[in-house]
Structure formats: C-alpha cells, structure tokens
2 protein chains.
Amino acid sequence: MLEGKFDEASLLKKVIDAMKDSVKLCNFNCTENGISVQAIDDSRVLLISLLIEAGSFEDYRCDRNIVLGLEMESLNKIIKNGNASDMLTLVAEDSPDALNLIFEDKRRDRIAEYSLKLMDIDQDFLKIEDMKFDAVVNMPSAEFAKICRDMKTLSESLQIIITKDSVKFNSEGDFGSGSVVIKSFTDLEKTEESVRITLEKPINLTFGAKYLNDIIKSTPLASQVTIKLCDKQPALFEYQLPSGYLRFYLAPKFEDEE
Amino acid sequence: MLEGKFDEASLLKKVIDAMKDSVKLCNFNCTENGISVQAIDDSRVLLISLLIEAGSFEDYRCDRNIVLGLEMESLNKIIKNGNASDMLTLVAEDSPDALNLIFEDKRRDRIAEYSLKLMDIDQDFLKIEDMKFDAVVNMPSAEFAKICRDMKTLSESLQIIITKDSVKFNSEGDFGSGSVVIKSFTDLEKTEESVRITLEKPINLTFGAKYLNDIIKSTPLASQVTIKLCDKQPALFEYQLPSGYLRFYLAPKFEDEE
DNA sequence: AGCTATAGCC
DNA sequence: GGCTATAGCT
C-alpha cells in the first residue's frame, strides 16, 4: 500500500505542470524511498527523470513496489481542482486499479476526494547511466526560461557556448540573430540569483529550441536550474525539489542538422 | 413612463452577465414595484426568475406597466461600455420602441447615452408556484462555483447528496471520479464564508453539469448562494440582490437518464 | 483590476 | 498546432 501525504498540493501540481506537455502517459514507480518516473517524451527526443524522495512528503509509506500508470491530462485536471495550499494525500492499494487523491483544506472541514483510473502502460524502465560532464552551469531558472523564450522567437535552434567565466546563448534566425551572455556572479544575499560556472573543457553545443521550451515549464519548481554539458553528449537540465529532482536529458543537434 | 436610476451600473451589469449565456431574448416587465423577468433558457431546461425591486434603485418610478423586449447580447454590449461605478438610468416611454440607458460619471461631467431597440417577444408570463423544499443549503457562492467547475471536468452529471450536517457533491466520470464534502460551518467574523444546512429529509439528486455551469455565472452577484432541494422536484438556486433576487430552477435528472 | 490559464477557432 | 478570446485567479 502507498500512502503519501504532501503538506502542500502545490509541489505535485508544479511537477505535473512541468511534465504534462512532454509526455501523455507514464508510469510512476513507487517504492519505500519515494516516487520516480523515467520517461521519453512523445517526440522521443527528451528523456525525463523525476524523483520525489520520501523526504518531500509530510508522511510517506510504501510497503511494496507499485507501478502507477497515469494519464497526465486526467491527473492534471484533478490536481488543478485542489487548492495549492491544500494537504494532498496519494493512496493506492498494492495491486491498484486506481489512484486516490485526497485534498484537505487546512482551515476547515472541506475534503475533496478523487479516484483516477490507472492505465497499463508498456514502458521499459530506463536505466540512466551516470555521465561525466565538462561544464556545469548553475543559474536562476527564471532567467534561463526567459533566454530560451526570447531566443526561440529568432530561431528553432539555440547554441550554448561556455568559456571560462561566461555562458553565451546564441540564436541565428532568418530575419536576425541574437545572443545573451551571462557571467559568473555571486550574490551573497540572494543566492538564488547567483550564476556559477564550473568548466573543464569549453563547450559549444546547439539544442532544439522546441525542447528547451518544454524543459522550462519546470521553472516554478526551483529558483535555480543546473545545466550539465559535455561535447556530443546529451545535456542534463536539472531542477531540484525539496527532496528529489526533475531532470531532462536532451541530445544536442549535430552539425549536419543545425 | 419608466425611469430607474442605479447608483452603480455594476448591479445591472452583473445581472446581465449572469443571464446572457442562458437566454438570448427576454421580456423585462416593469411595474411600480420594480423590474422582473421570467424566462426559460434556450435549451428549455432552466427556468430563470429575476426580480429587481424598486429598492435596488437610487430612484425609481414606473407609472404604468411596461414590457421591454430585450436582446441580451446587444444589451450586454451597451452595458459593458459603461463604467461599473457610473450611475445608470434606464428610461422608457409608456409604449416604447427603445430603452434608453444613460451612464453618468460621478466625479466629472461625462455622460454616455445609449438607445437600444426593443423586440416584440412572444413569451408567456410564467407563473412560478411557491414550492416546499426538504433541504436548504446556504454556502459561499464562489465555493459552489468552483465545485461545479471542478466536477464538470470529470462528468456531465453532478450528484448532490445532503445528510444531517454535510453536503456531498459527487461526480462519476470515465477516467475517474471525484467528490467534495463540505460541512456546516459558521465563521462569525466572515459570515459570507459560512455553510448552513437545514434539512427535513435527506436528499440525493443528480443535475446536468452544463446547466449548473450557466447558473454559476451569477456568482459575482452575491457572496452566498442558497440551494433549495426536494426529491424529484426542480431545485432552486438563489442569488440575493440588495433588494430582489436572481433564481434558477433546474429539474434533476431521473434515474434512467443519469 | 491585471495577469495567467484555458477553450474554442483558424 | 498556434492564436485569439474568454474566464478564473491573485
């Protein structure tokens, strides 16, 4: 049996918001350590890895491993009904045919209870190898989101060039081009505004703007995003949860398709 | 001659907003006591009863009974033009071919005057019997609206089950089901947040979500809604005006059509 | 009242 | 699939 209680429904709300535009159906794997998802987006380009550790919950127990096959759009409908500040409890039997979601108003006697039918989703469990990266950028997630949105107006590709102490986002379009350069920056009072660049080798990679646009749906989850890159390898975009993460792996475009 | 002056145009604005999606054309009956409407919505399911008593006006006079056949969409266009805080005067001759609407800014000399052509609408005056009800629920109108919207994402039917001190709104859909339970609750400081349940017999009725969605357009009119129910009878949903009301009568679905 | 999210339209 | 119009939320 799974029973996980979030102090605030908003955490799961943001997670689903971040994933629902990339993937329609996916398996949520529940174990004693928490809930995890590995999925490939519907266009088969973006790899998504979610981990909500038990520590993200107010209370959490899961006696046996359970796989919950969820339709993201239906789940989203239900989650939107709950108030963001409601307590949210997820409940599933050991061999469930439904996931129960219980929203409780903290102030008074109002309980909303939903049951979502589960799907049998044929989806291999993806093993994601630990990778080594040549460059790591930590920056404000909202700033990264704005850069991606801005550059997308110019071109379908976004080039990321990292040198010793700066990151350049570059976009070459038909009617013009644009670039944004940000430098390492430490704000001791507002650490969430800082930019940190850790570099072993310079990086020059190009990504599909469309997929970055999906990735930045995660912005409300965390004030910072961590971008890890390595030449000719998928880049990792990571948003930290209070206890866990939401990660996206995106392969760069190769020269002949840029 | 009719001459009715609202201190604020917003009252009529909200009334028209609440009705315009249900009924395209309707007769406004003006008498010395005020203005009233009895209409059936375009799908012939929902009965609408409006009463704006003379007391809702700053000044009101109506020497003879006048019927104003109004096209709601045109009226709405005109009313949207006026500022919500403007004073609004309705003027009509004894045998009018138009309704005049005069908006006056309170602070400065700005007068907007509109004339709306009347329609000859063939519509029987409906006599609505006083009914006896087994259960009466008073609750915040915004909360009722949210429940109706939320449940509508799951199913086309909404079941209302009332027991001694709680109301359960229940919805059974294809991909899942949901319910919201609220209990009697008195907030002495914010009385508009209170929930009051008066019960003679338990209630279990099902309504078409589509019509409830029309009814909740009235939410801005009043902080509370009163729902009166009786087995196998149309339910009454009432929003109080400062002096008068907007009421909707909706027949429950019967078992064979649920 | 302004902003954001959604639903219908092109 | 993107955009525009509408409606809900802060």
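Reminder, nothing fancy here: chain letters follow the sequence lines and each chain counts from 1.
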Check: Hey, which of these two, A/Lys152 or A/Asn83, hits DNA chain D nearer its 5' end, going by closest nucleotide?
Finding: A/Lys152

Checklist line | Rounded interatomic separation in angstrom, taking NZ from B/Lys210 and C1' from C/dA7 | finding: 16 Å

Next item on the list: Calculate the interatomic distance between B/Asp21 atom CG and D/dT6 atom C1'; express it in whole Å.
Entry: 10 Å

Checklist line | C/dT6 phosphate, OP1 or OP2, under 4.0 Å from A/Lys80 side-chain N/O | finding: yes

Checklist line | Separation of atom NZ in B/Lys77 from atom C1' in D/dT6, rounded to whole Å | finding: 16 Å

Note to self: Quick check on C/dA5: is either OP1 or OP2 less than 4.0 Å from any side-chain nitrogen or oxygen of B/Arg149?
What the structure shows: no

Check: Could you go step by step and tell me if B/Lys77 and B/Glu71 meet the salt bridge (charged side-chain N to carboxylate O under 4.0 Å, His left out) rule?
Finding: CA-CA 10 Å; B/Lys77 278 183 187 168; B/Glu71 215 226 321; over 6 Å; no

Notebook entry, point to check: Got a sec, which residues hit side chain to side chain contact (heavy atoms under 4.5 Å, CB included) with A/Lys168, two or more places apart in sequence or on another chain?
Noted result: A/Ile161, A/Asn170, A/Ser179, A/Val181

Next item on the list: Round to a whole Å and report the spacing from NZ of A/Lys20 to C1' of C/dT6.
Entry: 10 Å

Notebook entry, point to check: Quick one: A/Asp42 CG to D/dG1 P, roughly how many Å, whole number?
Noted result: 10 Å

Next item on the list: Could you state the atom-to-atom distance from NZ of B/Lys13 to P of C/dA1 in whole Å?
Entry: 8 Å

Margin query: Using the salt bridge (Lys or Arg N to Asp or Glu O under 4.0 Å) definition, which of the options B/Lys80, B/Lys5, B/Arg110 pairs with B/Asp86?
Written below: B/Arg110

Notebook entry, point to check: With nearest nucleotides of DNA chain C determined for B/Ala84 and B/Thr153 from heavy-atom distances, which residue corresponds to the more 5′ nucleotide?
Noted result: B/Ala84

Notebook entry, point to check: If every non-hydrogen atom of A/Asp214 is compared with every non-hydrogen atom of A/Ser22, which pair is closest and at what distance?
Noted result: CB-OG, 3.6 Å

Next item on the list: Using atom NZ of A/Lys14 as one end and atom C1' of C/dA5 as the other, report the distance to the nearest whole Å.
Entry: 16 Å

Notebook entry, point to check: Expressed in angstrom and rounded to an integer, what is the separation of B/Asn76 atom CG from D/dA5 atom P?
Noted result: 17 Å

